[in-house]
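Below: one structure, written as structure tokens.
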Amino acid sequence: MNNALLWITSLVVLGLLYGCTPTRITLPETGTFNKTDIAPGAITKNIPDYSREIQSVKGRGRAVISEPGNSDRITLSFDASRSLSLITIKNRLGIEGGAMLVDQDSILIYNKIDKEAQKVSVYDNRLTSLNELASVNLIDLLNYRIDSTDVQTVYEDDDSYLLETKGKTRIFLSKKSNTIWRVIHPPQTNLPYSEIQYDSYSTLDGYVLPRKITIFSADARSRVALAIRSLDLNPEKLNLSLSIPESILIQRL
């Protein structure tokens with residue numbers, strides 16, 4: 001009798017565990033995806049990974065900032081290595097308003113117009129409208145990478161795969177081009193952004209990279225849409241220093 005009870009209990013537990021992974025996911029704007037038995041590695045091996053080839057970038061772009069009650073257009077110049085990024089900002093009139101020096105943990109913000117400088121954590125996502133964009137290393141943002149061992153479940157529809165990680169991040173990629181077009185992070189990641197959208201891929205020096213990137217704030221109420229106008233891969237010279245006058249005290253928040 002005890003063995004029979006143990007057997008039945010085991011079947012119930014297995015059924016509950018299996019039921020924790022849905023066989024179908026329906027999401028707004030993306031439609032319905034069905035669970036598939038395709039191994040994650042069979043998909044991720046085809047996704048471009050330039051982590052060894054691209055070590056630095058330099059470029060320019062235009063960004064549209066949209067947030068509740070406000071919308072603005074700016075021009076950005078950027079230099080980035082794997083550890084540092086310098087973003088210089090000009091307003092729609094072409095006036096340089098400031099710059100941001102970003103490392104893995106902090107953002108140093110220099111406001112040239114108001115003559116202020118502040119150093120904040122990358123997770124202080126509401127201090128500036130560009131913090132979502134600055135909080136991600138620009139090279140990693142251009143070439144989003146996926147570890148196949150981190151993928152828990154694979155779904156698909158006619159055109160795309162949906163990879164769901166163990167941490168419940170959802171990554172959408174095109175079956176035709178093997179390029180990522182959407183990444184959704186769950187709230188529990190505590191990242192300063194919730195979603196990244198990729199568009200307008202093109203080939204530069206043999207590398208397939210997006211020309212338009214939209215990144216959403218953690219609460220999804222604000223977004224920055226960056227259109228890359230020029231991009232230089234592994235340039236000979238980078239400017240990764242931010243010159244702030246000695247008379248300006250750097251506030252640490």
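Values below: every heavy atom of this structure, side chains too, minus hydrogens, waters and symmetry copies.
- A pairwise comparison of heavy atoms in Asn137 and Ser81 identifies ND2-O, 3.0 Å as the closest pair.
- At a threshold of 4.5 Å between non-hydrogen side-chain atoms, the residues Arg211 and Arg229 do not count as touching.
- Taking the charged nitrogens against the carboxylate oxygens, Glu156 and Lys175 do have a contact shorter than 4.0 Å, which makes a salt bridge.
- Of all heavy-atom pairs between Asn178 and Asn46, the closest is CB-O, 3.4 Å.
- Scanning all heavy atoms of the two residues, the minimum distance from Thr75 to Arg62 falls at OG1-CG, 4.3 Å.
- Residues passing the side-chain hydrogen bond (donor to acceptor under 3.5 Å, both in side chains) test with Arg221: none are found, sequence neighbours excluded.
- Remark: Lys166 does not engage Asp150 in a salt bridge, criterion side-chain N to carboxylate O under 4.0 Å.
- Rounded to the nearest 0.5 angstrom, Asp199 CG and Arg182 CZ are separated by 13.0 Å.
- Between Phe33 and Phe172, the two ring planes are perpendicular [angle over 60°; tilted spans 30° to 60°].
- When all heavy atoms of Gly167 and Pro186 are compared, the pair lying nearest together is O-CG, 3.3 Å.
- Between Ser160 and Trp181, the side chains place a donor N or O and an acceptor N or O closer than 3.5 Å (distance only, hydrogens not considered).
- Between Asp159 and Lys176 there is no salt bridge, since no side-chain N of the basic residue sits under 4.0 Å from a carboxylate O of the acidic one.
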Evaluate Thr32 against Ile25 for side-chain contact (heavy atoms from CB on, under 4.5 Å), listing each step before the verdict. CA-CA 6 Å; Thr32 298; Ile25 291 179; over 6 Å; no
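- For the atom pair Ile180 CD1 and Ser174 OG, the distance stands at 11.0 Å (nearest 0.5 Å).
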